Amino acid sequence: MNRLQRYDQNVFSIADLQREGTKKLSKMVGEYYNEGAMDLLSMNDNVAAFDRVRLRPRVCIDVSQVDMSTECFGAKVKMPLGFSPAAMHGMAHDDAELGTSRAAAKAGCNMVLSTWSNHSIADVVNAGDGYGNAYGQQLSMVECWDTNMHMIRNAEKAGCAALVLTVDCAYLGRRLNEYRNDFTLPEHLTFPNLPPGINPYNFVQSDPRTAYDRAFTWDKVEKIVKSTSMQVYLKGILTAEDALLAAESGVHGILVSNHGGRQLDGAISTFDALEDIVAAVKGRIQIHFDGGIRRGSDIFKALAMGADYCWVGRIPVWGLAYDGENGVSLALKLLYDELLITMALCGCSKLSDIRRSHLARLRGDGTFAKL
Ligand SMILES: Cc1cc2nc3c(=O)[nH]c(=O)nc-3n(C[C@H](O)[C@H](O)[C@H](O)COP(=O)(O)O)c2cc1C
């Protein structure tokens with residue numbers, strides 16, 4: 001028998017982890033994490049888009065060693081996967097972002113911390129100390145420039161390698177579960193990354209320190225790039241047009257993302273968006289990807305379509321909900337094994353072997369054809 005290891009009695013895939021993790025959450029918290037905006041079209045299509053593409057394996061290639069290592073945010077990492085910013089890991093488990101950080105670091109993955117995290121960026125970076133992975137700080141720009149700069153300087157001080165500006169959030173998406181469940185912030189949670197004096201329980205558009213900057217334009221992107229030593233990424237790019245503007249603005253890269261379907265419902269799935277963006281950017285800046293990844297083969301498909309690095313938002317939350325830090329580690333072990341097997345069975349012994357020609361797309365007549 002040469003089967004890979006069994007890590008848990010109940011969880012053998014991310015689908016199992018979602019089911020088992022969600023069982024441990026209240027309806028209000030579970031739906032906050034698992035749902036998105038309006039009718040969940042984009043959220044569900046992010047997942048479905050991967051199934052519209054199949055794999056074209058190559059055989060009789062030496063895959064006795066499979067190397068998944070790559071570089072991201074200037075760090076050499078063990079696999080092309082990291083954690084996207086997701087607010088309030090503390091609602092899923094008391095380990096919160098510290099547990100997520102430890103699991104990421106041990107597995108050689110990068111992590112981007114949400115502005116709305118329940119631990120400070122300094123503590124989250126320290127939790128992963130010694131493993132060599134890198135961290136990013138996510139920032140949703142607000143009207144008050146001092147507040148934005150406070151977040152940026154804090155991240156620099158903590159040793160963050162990247163600043164991830166979320167640009168799909170001028171208005172918050174209509175997340176119907178939050179109305180239906182009368183979503184309220186649990187009172188034990190703190191938000192230490194926010195500047196002092198801001199009450200997280202009272203976020204209002206009338207206070208410039210908490211009001212999203214709805215006039216955030218490309219000139220401000222350039223200003224941010226000039227104001228920090230960190231690599232700057234724009235998160236929430238879905239079109240080739242904006243990817244090209246991003247390349248001209250001086251950012252290090254973009255994150256092709258639709259916020260996991262939590263913002264503009266009906267927006268194109270991120271996997272469908274990727275192809276045009278890759279073709280337009282032609283290697284000028286880094287292209288990162290998130291949305292709908294639930295298996296190692298999804299990571300493989302995104303890389304084959306031209307992504308440089310992949311991120312997941314909900315998976316670490318399901319891991320935390322299931323078993324704190326251990327649950328997050330479990331998720332990463334599963335994804336590592338799945339990606340390794342997919343690469344090996346497609347004849348790829350390193351990431352640069354993964355190509356578009358490994359993909360076949362569903363055609364109108366129901367068959368799959370080489371891309
Ligand atoms: C519960 C939750 C909270 C999130 N909070 C943030 C956030 O604070 N900032 C942000 O830029 N994106 C946020 N996102 C979006 C994620 O960064 C990411 O784009 C998305 O989860 C990717 O899709 P996936 O969950 O299918 O992997 C959040 C997503 C979820 C599920």
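Predicted, not measured: the structure shown is a model, and the values here were computed from it. Each ligand, and each atom within it, is numbered from 1 in the order the structure gives.
A donor-acceptor pair shorter than 3.5 Å can be found between the side chains of R175 and Q263. Side-chain atoms of Y33 and T22 form no donor-acceptor pair, as typed in the model, at a separation below 3.5 Å.
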Side-chain donor-acceptor contacts of residues 242-253 below 3.5 Å, not counting sequence neighbours, with atom names and distances?
residue	atom	partner	partner atom	Å
S249	OG	A246	O	2.7

What donor-acceptor contacts under 3.5 angstrom involve side-chain atoms of residues 157-164, with partners at least two apart or in another chain?
none

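For a heavy-atom separation below 4.0 Å, the residues in contact with ligand 1 are Y32, Y33, S84, P85, A86, A87, S114, W116, Q138, T166, K235, S257, H259, G260, R262, D290, G291, G292, R294, V312, G313, R314.
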Test side-chain hydrogen bond (donor to acceptor under 3.5 Å, both in side chains) applied to W318 and N34, step by step = CA-CA 9 Å; W318 295 326; N34 293 356; 2.7 Å; yes
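Listed by chain and residue number, nothing satisfies the side-chain hydrogen bond (donor to acceptor under 3.5 Å, both in side chains) test with N118 (two or more places apart in sequence, or in another chain).
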